[in-house]
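Have a look at the structure below before the remarks.
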Number of protein chains: 2
Amino acid sequence: MDKRQELMNHAVHFFSIKGFHQTSVQEIAKAAGISKGAFYKHFDSKEGIFVEILKQYHEDLTRDLNSADFEPGLTNREFFKKKLLLEIERTVMNKEFFLMVFKDFPANDNELMQNLLQELRMAQLVLHKYSLLEVYGDRAKPFIYDLVTVYEGIKKEYYFYLIFENRPINKELLAEFIVASLDAIVSHSEKIQPVLTGFTSTISPLEEAYNQLEEQIKQTSSQREKHLSAFLMLKEEMAKQDAKAFLVEALLDYLKQEESLATELSTLEKFI
Amino acid sequence: MDKRQELMNHAVHFFSIKGFHQTSVQEIAKAAGISKGAFYKHFDSKEGIFVEILKQYHEDLTRDLNSADFEPGLTNREFFKKKLLLEIERTVMNKEFFLMVFKDFPANDNELMQNLLQELRMAQLVLHKYSLLEVYGDRAKPFIYDLVTVYEGIKKEYYFYLIFENRPINKELLAEFIVASLDAIVSHSEKIQPVLTGFTSTISPLEEAYNQLEEQIKQTSSQREKHLSAFLMLKEEMAKQDAKAFLVEALLDYLKQEESLATELSTLEKFI
DNA sequence: GTCTATATTGGGATAGAC
DNA sequence: GTCTATCCCAATATAGAC
């Protein structure tokens, strides 16, 4: 057996149980029957093997989903349900991968990884959007992003039960239940107001950072008015071509005195 | 300001950004303006402060939700929706806590922590179960655990949007949307087969009786702390092989003085 | 490709003075 | 309660022999 593959299999196992940071290279190597030093002949770092696992999984996933062929003559709903069932079965079969992803994740160290994940999530959202529109047509359109959100939320919650609690669940029944729940919501759509309306309008990351900070000041600041004024001046100044560095710094430092704003401020600082 | 509280605030901040394992005791201490050594005068370990944060949050949450007084004359559905709205607002305000929980988690190292988490999850499940039964009555009973799962899944997914993506969402609208979705599912219940049927089998009826009693004490007891202590001792004593009959009886009688616990106590007594 | 040995760092926790 | 100094271990990564 390929030593490289063997290392990856053991790695995903340990990562799923202990998390990335709590797993040592040594125990991965030992499980594969080689020394720690030899590990580095196969992968250049611990993060390296993690990235390789991610890549391989998504390659396998897309290949599987594209090669699956269903019997013809299915209704849109039946087709949707079959695909859901396939996804459920696949997720349960790869439960270690699922656990690994939901455990400790080396994303903060590596910005490339965060972008990759963001892309994958967005791709899934778009996929679900079109699947649901095919099943429910125009009735679902006004609140399609809410429907996608509900769909993903329900699915994820059941995955947690399936995987963490290791409960014996009838997967066929589960797929039917989820689709039936969506049916119910869509058929009540006349009584339902959408929530995620302005979803598609993409705000720039900088705009988003501003919004977050403003919200946080409004919600938690002990000196709401002062902090809001400082924020507005900061935003104005940063928009200028010849922004005064000392003023930006001074306003940032001033706002930092409010502990609850730390997260938003550090996000904002990345744009300077 | 209380140094201990200050340390916890900084800890939750770093944990939410970097994760538990990637945050050092030193940087928490430094942020609070003390040395690493002094940290250990306040908490006995890094895990210790994490546990304290968890406990405090849960206590605050249950206290907030229980002490909130809504205008009288609300229907069960309106009451449920108001509580949900309160929870949404509370979650957004405590977004760092939410992030911390969904980052790297020190659960594997410490068995006590896993038990604590299990307890907190179970308490929430039981709470939701009874809330939903109050709103929807017998129609929800056959698939109540599925309804709870759907409810928690939808909620969680919107929390992700609210917190990670920081989208401006109308929270009032969101609460109404979630409840309306549940309405839709319940009103279609004749077409829906339950999935989580054997659910109760994992929790013993005794465990369930304990949970109900504990919840009831937390929610209604006039002498919360005393009754909780009595409850814990009772549970402990009853678990022993050579449980002292007089002590069990004494504690039961003591708790019976609180009228609101009568139902839960008589359920519990069946197991003696 | 694999080994052993080693450099180096980071960080949890403790000791003992003040 | 707080400090500094220290212990001690675990873990990433490398060096160099075979």
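Residue numbers begin at 1 in each chain, while the letters A, B, ... track the order of the sequences.
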Requested in this report: Look at the side-chain N and O atoms of A/His42 and state whether any lies under 4.0 Å from the OP1 or OP2 oxygen of C/dT2.
Outcome: yes
Go through [options] for me and flag the one nearest to the [X] side chain.
X       : options               : result
A/Val25 : D/dT12, C/dA13, D/dT2 : D/dT12
A/Lys36 : C/dA13, D/dT12, D/dC3 : D/dT12
B/Tyr40 : C/dC3, D/dT12, C/dG12 : C/dG12
A/Ser35 : D/dG1, C/dT2, D/dA13  : C/dT2

Donor-acceptor pair (no angle test) under 3.5 Å: A/Lys3 side chain, C/dG1 base:
no
Walking DNA chain D from its 5' end, the first of A/Glu27 and A/Lys41 to be reached, judged by nearest nucleotide, is A/Glu27
Taking atom CE of B/Met113 as the centre, report whether more than 12 heavy atoms of other residues, nucleotides or ligands fall under 6.0 Å from it. yes
Around atom CD of B/Glu27, are there more than 12 heavy atoms of other residues, nucleotides or ligands at under 6.0 Å? yes
For the pair made of [atom1] in [X] and [atom2] in [N], what is the distance, rounded to whole Å?
X       : N      : atom1 : atom2 : value
B/Lys30 : D/dT4  : NZ    : C1'   : 16 Å
B/Phe39 : D/dT4  : CZ    : P     : 17 Å
B/Gln26 : C/dT14 : CD    : C1'   : 15 Å
A/His21 : D/dA11 : NE2   : P     : 13 Å
A/Glu6  : C/dT2  : CD    : C1'   : 14 Å
A/Ile49 : D/dT12 : CD1   : P     : 12 Å
B/Gln22 : D/dA10 : CD    : C1'   : 13 Å
B/Phe43 : D/dG1  : CZ    : P     : 12 Å

Practice problem: Examine the side chains of B/Arg121 and B/Gln118 and answer whether a donor and an acceptor come within less than 3.5 Å of each other. | Solution: yes
Looking across every strand, which nucleic acid part, if any, lies under 4.0 Å from [X] by heavy atom: base, sugar-phosphate, or nothing?
X       : answer
B/Gly48 : nothing
A/Lys46 : sugar-phosphate
A/Ser24 : sugar-phosphate

Before giving the answer on ring-ring contact (aromatic ring centres under 6.0 Å, His included), spell out for A/Phe102 and A/Phe160 the whole-Å C-alpha distance, their side-chain angles and the decisive distance to 0.1 Å. CA-CA 10 Å; A/Phe102 274 87; A/Phe160 273 101; 5.1 Å; yes
Would you call A/Lys256 and A/Glu269 a salt bridge, taking side-chain N to carboxylate O under 4.0 Å as the test? yes
